[in-house]
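Below is one structure, written out as structure tokens, with a few remarks after it.
Just so we're on the same page: letters track the sequence lines, and every chain starts at 1.
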Amino acid sequence: MVAKEVALDLYRRLLGIRTFEEKAAELWHQGHISGELHLYSGQEAVSAGVCAHLRPEDPTAADHRGHGPLLAKGVDFKKMMGELLGRRTGLCQGKGGHMHLFDPSLSYGCGSIIGAAMPLALGPALVAKMQNRDLVSAVFFGEGAANQGTFHESLNLAALWKLPVLFVCHDNRWAVSVPKAQSTAVPWNADRASAYGIPGVLVDGMDAVAVYEAAGPLVQRARRGEGPSLLEATCYRFRGHFETDPLVYLPPGEIEEWKAKDPIPKLERHIIESGFGTDQDLKRIREEIRAQVERAAEFALSSPWPEPELATQHVFV
Amino acid sequence: MARELTFAEAIHEAIEQEMARDPKIFILGEDVQLLRHPLLQKFGEERVRNTPISESAFIGAATGAAYSGMRPIVELMMIDFFGVAADQIMNHMAKITYLSAGQLKVPLVIRASCGGGYGDGAHQSQTIWALFAHMPGLKVVIPSTPYDAKGLMIQAIRDDNPVLYLEHKLLADYWLGLLAGANRYKDIQAEFSVPKAGTKGQVPEEPYTVPLGRGEVRRPGKDLTVVSVGVMVHRALAVAEHLAAEGKSLEVIDLRTLVPLDRRTVIDSVKKTRKLLVVDEDHKSYGLSGEIAASVAEEAAGSLDDYKRVAALDTSIPFSLALERVMLPSEESIERAARAMLK
Ligand SMILES: Cc1ncc(C[n+]2csc(CCOP(=O)(O)OP(=O)(O)O)c2C)c(N)n1
């Protein structure tokens with residue numbers, strides 16, 4: 001059981017992600033966002049439940065499906081939407097794009113080479129330790145990435161040096177078209193943590209409260225200087241791998257089965273049943289967030305393109 | 001008999017015919033059972049193997065399988081991801097034949113997509129072929145037409161050495177469709193200036209090879225030699241066509257492979273035109289354009305009156321199309337350079 005404030009805070013984070021992502025999908029289909037788009041819809045509870053324990057200055061790294069943690073940490077929707085649209089006003093002036101987002105104000109960065117975020121996340125954790133700061137470095141990746149060498153190297157190094165890292169694995173069952181059973185020799189990545197002598201915890205990633213409760217002790221442990229741990233959250237990509245996914249490889253009915261576990265209505269029921277809020281209260285929150293996202297989209301659409309001179313700037317500083 | 005195939009169909013046909021001929025050939029890589037579904041249906045899971053996202057492991061495994069008697073085609077979805085397996089490719093795949101004094105052969109093909117121009121960002125749009133061409137022991141193939149796509153693939157498979165086969169995403173239409181989103185554009189090929197002659201063309205049905213290391217003069221001319229590979233060959237041809245209307249005659253050479261490199265065709269052409277323009281979608285510095293200039297300087301310095309290059313700028317590839325257009329070579333930038341040389 002979580003307190004009212006926590007439940008409502010989780011709700012805002014879930015909705016912020018879902019509302020933003022669905023708007024991004026709309027803009028993508030209209031041709032306003034170029035290239036691929038890997039959305040986080042369906043997985044919201046994972047980022048919401050973990051990031052509710054993070055401070056803005058806690059280093060956070062992610063992969064190609066990295067919108068979740070950035071939105072959950074409270075990014076400025078306008079700057080993020082601007083970046084997705086490749087505009088001058090975006091987080092990185094349009095240079096990064098949806099898979100390469102950087103927001104130093106939230107100590108956030110992502111990239112799209114699978115498995116690359118885990119080693120990077122060790123660095124800020126090492127710095128925090130060297131400087132005696134109680135920061136926690138959180139890194140988000142898919143179950144597909146857990147088969148890169150970097151996963152094992154990073155777990156080992158983090159354990160060896162007792163670094164304050166939380167490894168968060170989204171087990172959304174699929175890596176593009178490859179099911180976990182075809183890529184991973186053991187059923188659960190959480191079990192792989194034992195090979196490095198660190199805690200590995202498996203949680204229902206469709207339940208924001210469950211993720212919040214599972215992540216709390218792991219984050220606090222790292223903050224206290226007791227070392228890294230691995231959280232594996234079962235979840236699902238509601239929109240497929242990316243917006244062009246033909247989905248031909250999915251067993252029939254699988255998406256529907258997982259949509260029935262949607263974390264948003266689940267948390268709504270929890271809030272109402274616990275007396276934390278009424279339908280009306282929740283509707284107000286939804287409308288407020290929708291309006292923010294719409295404003296962000298308008299802002300991005302009316303933003304200028306980056307000037308050509310920017311192309312050659314920032315190779316070095 | 002020749003008939004019209006797409007660039008992607010030509011590659012598929014090459015692999016299908018070779019796999020039917022030689023049971024030693026098998027495919028491994030991420031999502032290959034989806035991407036190469038017809039081959040899976042025809043040859044089964046043993047020969048079309050999905051891998052985990054473990055490029056170092058499965059590319060290393062392909063090298064080991066190759067020196068153990070098989071002929072793997074290993075798929076590295078996008079060339080940008082090579083870094084994960086860089087040690088396996090550069091220190092092992094490329095060197096084992098030499099270090100074993102030829103006792104071990106590594107007959108394999110790395111098949112990877114490459115190239116930008118559709119606004120996908122820095123980790124998805126690179127060509128970086130010079131990195132591989134620099135490494136002794138790797139052959140590098142970059143087809144620009146369906147005919148070459150098939151003939152070069154068959155030759156690459158039959159070669160007893162490791163060959164990197166790069167298919168440009170603008171030419172292999174399924175990549176462009178998947179990554180840029182075909183359904184949301186009225187005409188995706190027009191949207192990204194996809195060269196028609198690169199995506200569709202006459203391809204003989206029977207197996208044939210195109211030799212590695214032989215460039216092709218795509219358009220004969222006498223005023224300026226333009227050398228390129230891949231999509232940029234077509235951009236150069238379009239410029240040659242514009243300038244022909246003004247009485248300027250450009251000779252366009254498609255190198256087709258970077259290793260081996262057909263220096264002879266370039267030098268012979270330069271001796272005739274005395275002017276050389278290299279167009280490269282890879283970065284400008286330390287790459288193909290410099291290599292071509294150096295080769296001409298070494299063998300025919302006296303024949304060269306003017307040299308320029310139009311290449312990708314020495315920056316990462318920016319996501320925003322507004323910047324990517326500046327960063328990559330285009331018909332406009334090629335034409336500007338050509339005009340300056342023909343004044
Ligand atoms: C090193 C590397 N290999 C392959 C890819 C292509 N790729 C992009 S996303 C993806 C699947 C990732 O699966 P997972 O890690 O489970 O994350 P999910 O997409 O399910 O969130 C692949 C193979 C890549 N980006 N980087």
Side-chain angles (χ1 to χ4, degrees), chain A residues 28-31 33-37 64 83-88 90 92-100 111-116 142 144-150 175-180 182-185 241-246 248-249 304-315, chain B residues 29-35 37 45 49-58 60 77-78 80-85 87 116-125 174 176-186 188 191-192 313-328:
Chain A
W28 187 92
H29 285 278
Q30 290 166 356
I33 298 174
S34 67
E36 299 158 76
L37 189 64
H64 61 294
E83 189 61 25
L84 264 52
L85 268 69
R87 303 303 173 103
R88 176 73 168 81
C92 305
Q93 305 180 348
K95 287 184 161 178
H98 122 82
M99 288 181 270
H100 320 90
S112 59
I113 303 299
I114 302 299
N147 294 313
Q148 288 288 34
T150 50
V176 195
S177 71
V178 180
K180 189 184 190 188
Q182 226 185 76
S183 70
T184 311
H241 176 67
F242 51 13
E243 288 303 298
T244 58
D245 191 338
V248 287
Y249 52 84
W305 295 101
E307 301 81 9
E309 307 82 75
L310 288 181
T312 49
Q313 237 179 51
H314 303 127
V315 175
Chain B
E30 292 150 22
D31 299 288
V32 292
Q33 294 187 349
L34 176 73
L35 291 167
H37 194 70
E45 301 187 339
R49 309 179 73 95
N50 270 355
T51 62
I53 309 173
S54 310
E55 285 86 0
S56 185
F58 72 77
M77 205 176 272
M78 291 183 179
D80 311 68
F81 310 152
F82 91 98
V84 176
D87 173 62
Y118 61 98
D120 210 12
H123 295 159
Q124 278 76 21
S125 306
Y174 66 102
L176 186 63
L178 262 181
L179 303 174
N183 295 337
R184 60 190 176 132
Y185 296 107
K186 226 186 295 146
I188 190 171
E191 184 73 28
F192 297 106
L313 302 182
D314 291 330
T315 73
S316 297
I317 301 187
F319 164 76
S320 179
L321 281 164
L323 298 177
E324 194 188 22
R325 273 188 213 110
V326 179
M327 190 270 174
L328 293 179

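- Using a distance-only test at 3.5 Å, with no hydrogens or angles considered, a donor-acceptor pair links the side chain of A:Ser34 to the main chain of B:Gly119.
- Within the 4.5 angstrom heavy-atom criterion, no atom of A:Glu309 approaches chain B.
- The shortest side-chain heavy-atom distance between A:His64 and B:His123 does not fall under the 4.5 Å cut-off.
- Taking every heavy atom of both residues into account, B:Ser320 and A:Trp305 meet most closely at OG-CE3, 3.8 Å.
- Your options are B:Ile53, B:Thr315, B:Leu323, and the one with the most heavy-atom pairs under 4.5 Å with chain A is B:Ile53.
- Between A:Met99 and B:Asp120, the closest side-chain pair of non-hydrogen atoms falls below 4.5 Å.
- Looking at B:Leu313, only its side chain comes within 4.5 Å of chain A, counting heavy atoms on both sides.
- Proximity to chain B is absent for every atom of A:Gln30, based on heavy atoms less than 4.5 angstrom apart.
- The nearest pair of heavy atoms linking A:Trp28 to B:Arg184 is O-NH1, 2.6 Å.
- Taking 4.5 Å as the limit, every side-chain heavy atom of A:Val178 sits out of range of all side-chain heavy atoms of B:Glu30.
- The parts of A:Val176 that come within reach of chain B are both its backbone and its side chain, each placing non-hydrogen atoms under 4.5 angstrom from that chain.
- For chain A, the nearby part of B:Asp314 is the backbone; its heavy atoms alone come within less than 4.5 Å.
- Proximity to chain A involves both the backbone and the side chain of B:Glu55, based on heavy atoms less than 4.5 angstrom apart.
- Chain B forms more heavy-atom pairs under 4.5 Å with one residue of A:Thr312, A:Ile113, A:Ile114 than with any other, namely A:Ile113.
- For chain B, the nearby part of A:His100 is the side chain; its heavy atoms alone come within less than 4.5 Å.
- Within the 4.5 angstrom heavy-atom criterion, atoms from both the backbone and the side chain of A:Gln148 approach chain B.
- Counting heavy atoms from C-beta on, the side chains of B:Leu179 and A:Phe242 come closer than 4.5 Å.
- At a 4.5 Å heavy-atom cutoff, B:Glu324 makes no contact with chain A through either its backbone or its side chain.
- Comparing A:Ala311, A:Gly142, A:Ser183, A:Ser177 by heavy-atom pairs within less than 4.5 Å of chain B, the highest count is held by A:Ser177.
- The distance from the NZ atom of A:Lys95 to the CD1 atom of B:Ile317 is 13.5 Å, given to the nearest 0.5 Å.
- Here the closest non-hydrogen pair linking B:Gly181 and A:Thr244 is CA-CG2, 3.4 Å.
- In terms of heavy-atom pairs under 4.5 angstrom with chain B, the leader among A:Pro306, A:Gly96, A:Gly111 is A:Pro306.
- In plain terms, the two heavy atoms of B:Leu34 and A:Tyr249 that are nearest each other are CD1-CD2, 4.3 Å.
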